[in-house]
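Quick notes on the structure that follows.
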Amino acid sequence: MRKPITATALTAAVLALSACGQAGGEESSSSEDLTVGVANLGLSFPFPSSIGEGIRAKADELGVELVELDGQGKTEKQANDVQDLINQQPDGVLLLPVDSGVAVGLADQLDAAGIPTVAVASQVGDPKERELDDVYPTLAALVTQQELDAGATAGELALKAAPEGGKLAVVEGAAGFAEVELRFARFLDPAKEAGVNFDVVASQPGDWTAEGAQSACQNMLASDPDIDLFYAESDDMAVGCANAVESAGSDAKVVGIGGSKLGVDGVTSGKIFGTVCFKPRDLGELAMQTMYDYLTGETTEEAQFVTYETPAIDQSNVDECVPQW
């Protein structure tokens, strides 16, 4: 398994990139004439919007021109965006996939057009068939959270919230996102290691929204009022689920993942037991720096996996997670 590049802060991450090396371009370019396309999955969604802010901030710092397109959460729209970028022939493309499986074809098209591509925030390829750090080979790099580790961290919070285990219900994201699989893959590991059993009694999609999760948790509680713990695969969904728990008069605890303002506020108020602190703006900056290093010849390795640390947050250390989305 390839050891990922990690950092606790952007400055340290950039130093790590320079020291360890990543995907390298064949020729170096000056920042003054670099243009990078961004195929964002959806600028109206808080998380990818914050990533976009980080990309723009770092591009401005580096003197890189951006062509930013909004996939609006639709695979067909993103496919058209990628074709538009191929026609414009930028020096590189940052791809935030709407659908991890569909993104395979997009990455291949960009590669065939000779355009270096860095995937951002989501895996390219089927997570059931490809390890997260086994980066799709036509990519220069994948820059994302270590979703498997983050899921295990959420599992540590779950064990802390319900140390004797019990009935567990899962609020999943939307179909097509690798994160649905990845964020649950190691979630139960901490409990298993402690000899504690969580019985997964229900699982429903919340489609990444508070409203969708509130409806899903209402349905699951109606079917089984004795659920002890909900694991929501995003903070927005954790907030919606917590609302359903409160309305139902349930004692179930809720664990989220993402470190959003909604999530951190929920932890502070006690509505949510805990979350995992993601930093999407830093992620966007890291992705842009990774692309810049590739295009200017500062790095040499292909298909590099680049990540950063995502700590567990509960009421005891909630001030350590400053929300970026």
Side-chain angles (χ1 to χ4, degrees), residues 10 13-14 17 22-23 25 29 31-100 102-124 135-136 138-145 177-179 278-296 299 304 306-308 324-325:
L10 183 63
V14 172
L17 298 182
Q22 296 173 41
S29 304
S31 62
E32 287 137 13
D33 58 5
L34 288 178
T35 299
V36 171
V38 183
N40 199 308
L41 72 91
L43 290 170
S44 64
F45 304 117
F47 194 82
S49 177
S50 181
I51 293 173
E53 290 175 7
I55 291 171
R56 288 190 290 275
K58 181 57 69 173
D60 185 60
E61 177 187 323
L62 296 171
V64 174
E65 182 179 349
L66 291 181
V67 178
E68 192 170 19
L69 301 179
D70 182 0
Q72 301 173 4
K74 302 173 183 177
T75 55
E76 184 176 354
K77 174 65 166 61
Q78 185 164 70
N80 290 334
D81 288 348
V82 168
Q83 285 303 312
D84 287 346
L85 290 172
I86 289 173
N87 292 336
Q88 294 182 57
Q89 284 291 301
D91 296 287
V93 166
L94 298 175
L95 173 65
L96 285 70
V98 173
D99 184 293
S100 295
V102 174
V104 169
L106 303 183
D108 287 346
Q109 290 170 34
L110 287 160
D111 181 62
I115 301 174
T117 303
V118 171
V120 186
S122 188
Q123 183 178 17
V124 171
V135 178
Y136 191 70
T138 64
L139 295 174
L142 168 62
V143 184
T144 190
Q145 292 81 218
F177 284 82
E179 290 78 12
F278 287 2
K279 298 179 180 179
R281 195 178 192 281
D282 286 2
L283 183 62
E285 293 192 23
L286 186 56
M288 186 66 247
Q289 183 70 53
T290 299
M291 175 60 79
Y292 179 82
D293 287 349
Y294 181 97
L295 295 175
T296 58
T299 55
Q304 189 67 47
V306 186
T307 191
Y308 65 99
Q324 294 187 349
W325 61 294

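This chain uses plain numbering: 1 for the first residue, then up along the sequence. On a predicted model such as this, the values are computed, not experimentally measured, just so you know.
Under a cut-off of 6.0 angstrom, the local environment of NZ in Lys77 is crowded, with over 12 non-hydrogen atoms contributed by other residues, nucleotides or ligands.
Judged purely by atom type and a 3.5 angstrom limit, Thr117 has no side-chain atom pairing as donor or acceptor with the backbone of Ala107. With hydrogens and angles disregarded, a donor-acceptor distance shorter than 3.5 Å links the side chain of Asp70 to the backbone of Leu43. Formation of a donor-acceptor pair under 3.5 Å by the Thr144 side chain with backbone atoms of Val120 is not found in this model. Distance alone, capped at 3.5 Å, is enough to place a donor-acceptor pair between the Gln78 side chain and the Val98 backbone. Judged by distance alone, the side chain of Gln324 and the main-chain N or O of Ser50 form no donor-acceptor pair under 3.5 Å. With hydrogens and angles disregarded, no donor-acceptor distance shorter than 3.5 Å links the side chain of Asn40 to the backbone of Glu68. Of the possible polar contacts, none joining the Tyr308 side chain to the Asp282 backbone as a donor-acceptor pair under 3.5 Å is found.
Here the closest heavy-atom approach between residue Ala121 and residue Ile51 is recorded as CB-CD1, 3.5 Å. The two residues Pro90 and Ile115 come nearest to each other via the heavy atoms O-CG2, 3.9 Å. Between Ala141 and Val135, the closest heavy-atom pair is C-CG1, 4.2 Å. Closest approach of Leu139 to Ala119, counting heavy atoms only: CD1-CB, 3.7 Å.
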Step-by-step side chain to side chain donor-acceptor pair (under 3.5 Å) determination, Glu179 to Gln145: CA-CA 10 Å; Glu179 290 78 12; Gln145 292 81 218; 5.9 Å; no
Side chain to side chain contact (heavy atoms under 4.5 Å, CB included) evaluation trace for Leu295 with Val36: CA-CA 10 Å; Leu295 295 175; Val36 171; 4.0 Å; yes
Criterion side chain to side chain contact (heavy atoms under 4.5 Å, CB included) on Tyr294 and Val118, from CA distance to verdict: CA-CA 10 Å; Tyr294 181 97; Val118 171; 5.8 Å; no
Gln83/Asn87 under side chain to side chain donor-acceptor pair (under 3.5 Å): CA gap, chis, key distance, verdict: CA-CA 6 Å; Gln83 285 303 312; Asn87 292 336; 5.5 Å; no
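Salt bridge status for Glu53 with Arg56: absent, with no side-chain N to carboxylate O gap under 4.0 Å.
Between Val143 and Leu94, the closest side-chain pair of non-hydrogen atoms is not below 4.5 Å. Two residues are said to be in side-chain contact when any heavy atoms from C-beta on lie closer than 4.5 Å; Pro97 and Val124 meet this criterion. Here the side chains of Thr35 and Gln89 are not in contact, with every heavy-atom distance at 4.5 Å or above.
To the nearest 0.5 Å, the span separating CG on Leu286 from CD1 on Ile55 amounts to 10.5 Å. If you take CG on Leu283 and CD on Glu285, they are separated by 10.0 Å, rounding to the nearest 0.5 Å. Interatomic distance, Met288 CE to Leu66 CG, rounded to the nearest 0.5 Å: 6.0 Å. Here the straight-line distance linking atom CD of Glu65 with atom CG of Asp91 works out to 9.5 Å at 0.5 Å rounding. Between atom OH of residue Tyr136 and atom CG of residue Asp111 there is a gap of 8.5 Å, rounded to the nearest 0.5 Å. Distance OG1/Thr75 to CG/Asn80: 9.5 Å, rounded to 0.5 Å.
Side chains of Asp84 and Gln88: no donor on one and acceptor on the other come within 3.5 Å. No side-chain donor from either of Ser44 and Gln72 sits under 3.5 Å from a side-chain acceptor of the other.
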